[in-house]
Number of protein chains: 2
Amino acid sequence: MQEVDIIISGGRVLTSDKKDSIIHTGSIAIDGDTIVGIGRSKEIETRFSGRRTIDAHDCLVMPGLINSHTHAAMTCFRGLADDMELMDWLNNYIFPAEARNVDPELACWGSMLACAEMIKSGTTTFCDMYLFEDETAQVAHQAGMRCLLGEGLFDFPSPNAKTPKEGLAYTRMLIEKWADDPLVNIMVEPHSLYTCSPQLIKDAKALANQYNVPFATHFLENKMEAKQLKEKFGKRATAFLRDIGCLDERFFAFHGVCMDEEDIKIFADHGCKVVHNPESNMKLASGVAPISSMLEHGITVGLGTDGCASNNNLDMFGEMGTAAKLEKTEMLDPTVMSAKTVTRMATRNGARVLGMGDITGSLKTGMKADIIIIDLNKPHLTPMYDEYSHIVYAAGGSDVETVIINGRIVMENRRLLTINEDEAMERVRKIAERIKGSLET
Amino acid sequence: MQEVDIIISGGRVLTSDKKDSIIHTGSIAIDGDTIVGIGRSKEIETRFSGRRTIDAHDCLVMPGLINSHTHAAMTCFRGLADDMELMDWLNNYIFPAEARNVDPELACWGSMLACAEMIKSGTTTFCDMYLFEDETAQVAHQAGMRCLLGEGLFDFPSPNAKTPKEGLAYTRMLIEKWADDPLVNIMVEPHSLYTCSPQLIKDAKALANQYNVPFATHFLENKMEAKQLKEKFGKRATAFLRDIGCLDERFFAFHGVCMDEEDIKIFADHGCKVVHNPESNMKLASGVAPISSMLEHGITVGLGTDGCASNNNLDMFGEMGTAAKLEKTEMLDPTVMSAKTVTRMATRNGARVLGMGDITGSLKTGMKADIIIIDLNKPHLTPMYDEYSHIVYAAGGSDVETVIINGRIVMENRRLLTINEDEAMERVRKIAERIKGSLET
């Protein structure tokens with residue numbers, strides 16, 4: 001009998017593996033950062049003994065969720081301005097609030113609060129784009145969250161980079177600094193094609209190629225952007241990206257709301273991926289991304305919450321429910337975007353979008369132990385006919401009891417073990433006072 | 001100094017009154033079932049002393065939510081079948097499962113589980129249509145929930161009524177039995193125009209008129225129904241209802257997805273109301289109700305979850321978020337359906353739809369004490385710039401800590417005081433086994 005660090009014992013295990021296997025009374029053996037055994041409880045518990053056992057009876061055990069697009073530090077702007085025209089919202093609230101307030105302190109505590117919220121709602125991996133991402137990296141490292149981070153790159157000065165060159169240099173610094181971290185991964189993220197020159201896009205891609213890291217950007221988020229880019233490039237934005245050599249298997253696009261059939265074909269041909277952000281797209285009235293068509297073309301689609309200013313929370317359970325329901329409404333077809341399809345987007349396929357499909361997003365031997373445990377013994381999760389149905393249509397982030405990332409328990413019975421959440425809330429409240437003041441003057 | 005039963009002390013009080021007043025540090029004095037004082041804490045607490053004080057610092061205090069359309073007992077079918085064509089779903093799952101299983105036991109325990117879930121997510125009043133509604137009435141009475149209930153009436157036999165006449169007689173019995181109950185109110189509810197003959201609709205309306213109770217039905221939920229009704233009546237369904245004298249201030253329609261401009265005008269002219277059920281409409285791919293137009297025409301619109309088979313939970317916070325975001329997407333306008341508008345739909349206007357606008361749905365002196373207290377000290381509710389924004393875009397039902405209905409504390413620190421939730425879950429699990437078995441044979 002092999003002694004291991006942790007045994008999760010007796011849960012309903014939803015593996016999100018290629019066969020979408022579900023083990024009705026299953027156990028998982030974790031040693032170090034890795035799943036070393038998974039299967040029926042009887043079998044696992046004759047092969048392994050745990051130095052520590054987590055009882056998962058009446059619980060659903062599943063892969064930690066992958067939030068494939070967010071701006072973590074924007075928790076500081078949650079609810080600052082809603083229900084506005086995009087340009088009013090951006091130009092009169094978000095941009096000035098950012099220009100006057102974003103600094104390492106905001107990036108640090110905004111990210112800390114985001115990590116607290118994400119862990120408490122079952123997210124174990126997040127993909128982030130913002131400013132001062134080294135702060136976010138340090139916070140994620142401390143919180144024990146897996147992540148893929150990139151500094152937002154722009155043509156114009158940002159609070160962290162006076163020039164595009166500085167932004168690229170900062171990104172290079174991040175890549176080298178965090179190269180050997182078990183949890184923090186760095187990527188290259190030009191903000192968008194409408195805020196970056198073709199030259200900046202090319203330089204950014206060259207940097208990504210040099211280090212063999214992923215590359216992603218906001219892309220065709222609404223009609224105005226689509227129109228603007230067509231005028232700017234004299235051809236479809238997808239063709240522009242293809243023609244400068246940006247489209248490959250390490251490229252992914254956030255939003256993709258206005259991608260048409262031709263864009264989708266080009267993406268599929270080049271193995272590019274997409275991150276769907278339904279709640280943000282709805283709240284900003286951007287439109288509905290053609291996810292069914294993307295899936296039909298074999299594009300791997302992940303799911304993200306976007307930042308807190310346009311959602312306004314980081315709960316991937318809510319996002320899953322919305323993703324399923326929105327597509328049914330849009331297609332007037334209740335059979336599209338099944339609960340299983342959406343669960344995959346938030347687990348295995350999200351991990352594949354981020355280039356982490358071999359280490360997280362599903363539960364099998366050899367994968368890193370990124371696992372969440374959901375308490376099913378609640379009125380709104382009773383009765384239980386189908387696990388996927390409950391995950392997508394009934395559960396919420398607050399049903400997550402325990403979270404393990406890379407083999408480490410980061411939340412137990414809803415108590416965070418790696419983050420002082422009271423301190424994070426207090427710090428962000430003070431930053432919010434400063435933000436409010438900065439907009440009143 | 002007047003001694004009262006309860007003082008809720010020191011919360012942010014969102015009154016949902018006509019002025020949408022918010023009291024930043026407010027207190028509420030409750031005596032018996034009624035709010036006897038509400039205002040700034042300093043003022044209230046010099047006028048009233050409480051035999052009991054609830055500390056609401058760091059909390060949002062607001063009216064209990066009004067779920068204006070549900071089928072409570074259908075918790076038993078939660079997640080039984082999803083992601084299906086409507087007719088496949090109804091004919092091969094829901095209808096046979098109902099025909100074989102709905103009985104007083106299912107109605108009782110399904111409703112009990114629903115009441116547990118509704119209280120735990122901040123709903124204090126619900127409007128229900130199902131079978132064996134006397135069971136639901138007894139459960140609501142025991143749980144201490146305010147409600148407006150009606151037996152679903154059909155042309156064909158239901159498990160509780162062999163004929164339309166029996167259904168009407170049962171409804172009459174309910175009206176008389178519950179006439180003096182402080183919480184349980186009865187209405188008349190023909191299921192729909194496609195399951196009821198014109199004669200049944202007329203008889204039902206006559207019954208409602210005789211007792212001066214509300215009258216409501218499923219109405220124009222999807223395109224197929226709209227087409228079918230046009231063929232059946234040779235005119236628009238709204239005109240049919242008007243011409244037989246059904247449309248008045250005590251009429252309200254569930255769904256109204258396919259109402260057009262002319263229908264909306266007729267409703268507005270007659271003071272009829274509508275209940276919006278966005279999550280169910282999305283999940284069943286029914287379409288999007290023209291809520292902006294209804295509001296422009298001055299129609300009072302409430303919000304409902306519909307039953308658990310098509311949602312799949314009873315969380316009105318999720319429903320509010322979806323209502324706001326769906327309308328913005330549909331209209332491609334982020335300014336429509338603001339957080340405040342949606343909050344009103346789930347509180348004051350919901351109460352007005354149910355004919356209870358003078359007793360619940362807002363917090364002011366003389367109203368019944370239907371109050372929920374939300375703990376704001378959580379990562380996903382930090383920071384706080386705007387109360388409505390958090391209610392609609394960030395909070396979830398699980399953020400509700402304490403619930404008071406008709407002056408009685410029914411949940412305290414998330415512990416239900418009037419329902420044995422473990423027993424309700426256990427009973428529903430057993431009923432679900434029976435349902436599963438009935439579909440396998």
Side-chain angles (χ1 to χ4, degrees), chain A residues 75-76 78-80 82-86 89 113 116-117 120-121 279 281-285 287-288 311-315 318 321-322 324-326 328-329 331-335 337-339 377-380 382-386 389-390 393-394 396-399 421 424-425 428-429 431-432 436, chain B residues 75-76 78-80 82-86 89 113 116-117 120-121 279 281-285 287-288 311-315 318 321-322 324-326 328-329 331-335 337-339 377-380 382-386 389-390 393-394 396-399 421 424-425 428-429 431-432 436:
Chain A
T75 50
C76 294
R78 184 201 317 272
L80 174 67
D82 307 288
D83 306 326
M84 288 178 189
E85 290 289 354
L86 184 67
W89 180 72
L113 188 69
E117 183 182 351
K120 291 192 102 170
S121 53
E279 296 199 355
N281 296 339
M282 293 174 82
K283 185 157 180 281
L284 296 174
V288 181
N311 186 305
N312 295 346
N313 62 42
L314 304 174
D315 184 347
T322 301
K325 283 178 271 205
L326 177 62
K328 294 174 197 302
T329 304
M331 306 294 284
L332 284 180
D333 180 353
T335 69
M337 286 283 247
S338 70
N377 194 36
K378 296 190 175 178
H380 69 284
T382 304
M384 163 66 92
Y385 295 102
D386 181 88
S389 173
H390 272 20
Y393 298 122
S398 63
D399 297 317
E421 67 178 313
M425 288 191 284
V428 169
R429 282 188 199 112
I431 292 166
K436 234 193 289 190
Chain B
T75 50
C76 295
R78 185 200 316 273
L80 174 67
D82 307 288
D83 306 326
M84 289 178 187
E85 290 289 355
L86 184 67
W89 181 71
L113 188 69
E117 183 182 352
K120 291 191 103 172
S121 52
E279 295 198 356
N281 295 338
M282 293 174 82
K283 185 158 180 280
L284 296 173
V288 182
N311 185 305
N312 294 351
N313 62 40
L314 303 175
D315 184 346
T322 302
K325 283 179 269 205
L326 177 62
K328 293 173 198 303
T329 305
M331 306 294 285
L332 284 179
D333 179 352
T335 69
M337 285 285 248
S338 70
N377 194 36
K378 295 190 175 178
H380 69 284
T382 302
M384 162 66 91
Y385 295 103
D386 181 88
S389 174
H390 273 20
Y393 298 122
S398 63
D399 297 317
E421 68 178 313
M425 289 191 284
V428 169
R429 282 187 198 110
I431 291 167
K436 236 193 289 190

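Just so it is clear: chains get the letters A, B, ... in the order the sequence lines come, proteins before strands, and each one is counted from 1.
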- Note on the structure: In terms of heavy-atom pairs under 4.5 Å with chain A, the winner among B:G396, B:A424, B:S338 is B:S338
- Closest heavy-atom contact between B:Y385 and A:G79? CB-O, 3.4 Å
- Message: Is B:A324 close to chain A through its backbone or its side chain, or both, or neither, when contacts mean heavy atoms under 4.5 Å?
- Response: neither
- Contacting region of B:D82 [heavy-atom separation from chain A under 4.5 Å]: side chain
- Task: Against chain B, label A:H380 side chain, backbone, both or neither, depending on which of its atoms sit under 4.5 Å from a heavy atom there.
- Result: both
- Message: Counting heavy-atom pairs closer than 4.5 Å to chain A, which one of B:E117, B:H390, B:K378 comes out on top?
- Response: B:E117
- Contact winner vs chain A - B:S398, B:G287, B:C76, heavy-atom pairs under 4.5 Å: B:C76
- Task: Tell me, please, which residues at least two apart from B:D83 pass salt bridge (Lys or Arg N to Asp or Glu O under 4.0 Å).
- Result: A:K328
- With side chain to side chain contact (heavy atoms under 4.5 Å, CB included) as the test, would you mind laying out the steps for A:T382 and B:R429 before giving the verdict? CA-CA 7 Å; A:T382 304; B:R429 282 187 198 110; 3.8 Å; yes
- Closest contact, heavy atoms only, A:N311 versus A:E279: OD1-OE1, 2.9 Å
- Task: Work out which heavy atom in B:N313 is nearest to a heavy atom in B:R78; give both atom names and the distance.
- Result: CA-NH1, 3.8 Å
- For A:L326, is it the side chain, the backbone, both or neither that has a heavy atom under 4.5 Å from a heavy atom of chain B? both
- Heavy-atom pairs under 4.5 Å with chain A, option from B:A116, B:A394, B:S121 with the top count: B:A394
- Which bit of B:M84 is near chain A, if near means a heavy-atom gap under 4.5 Å: side chain, backbone, both or neither? backbone
- Message: If I measure from the heavy atoms of chain A, does B:A339 come under 4.5 Å with its side chain, its backbone, both, or neither?
- Response: both
- Region of A:M337 that comes under 4.5 Å of a non-hydrogen atom in chain B: backbone
- Query: Side chain, backbone, both or neither: which part of B:D399 has a heavy atom under 4.5 Å from chain A?
  - Reply: neither
- Whatever's closer than 4.5 Å to a heavy atom in chain A on B:L284 counts as backbone
- May I ask you to name which of B:G321, B:S389, B:G397, B:G318 has the most heavy-atom pairs under 4.5 Å with chain A? B:S389
- Can you tell which part of A:E421 gets under 4.5 Å to a heavy atom of chain B, answering side chain, backbone, both or neither? side chain
- Measure A:K120 against the heavy atoms of chain B and call it side chain, backbone, both or neither at under 4.5 Å. side chain
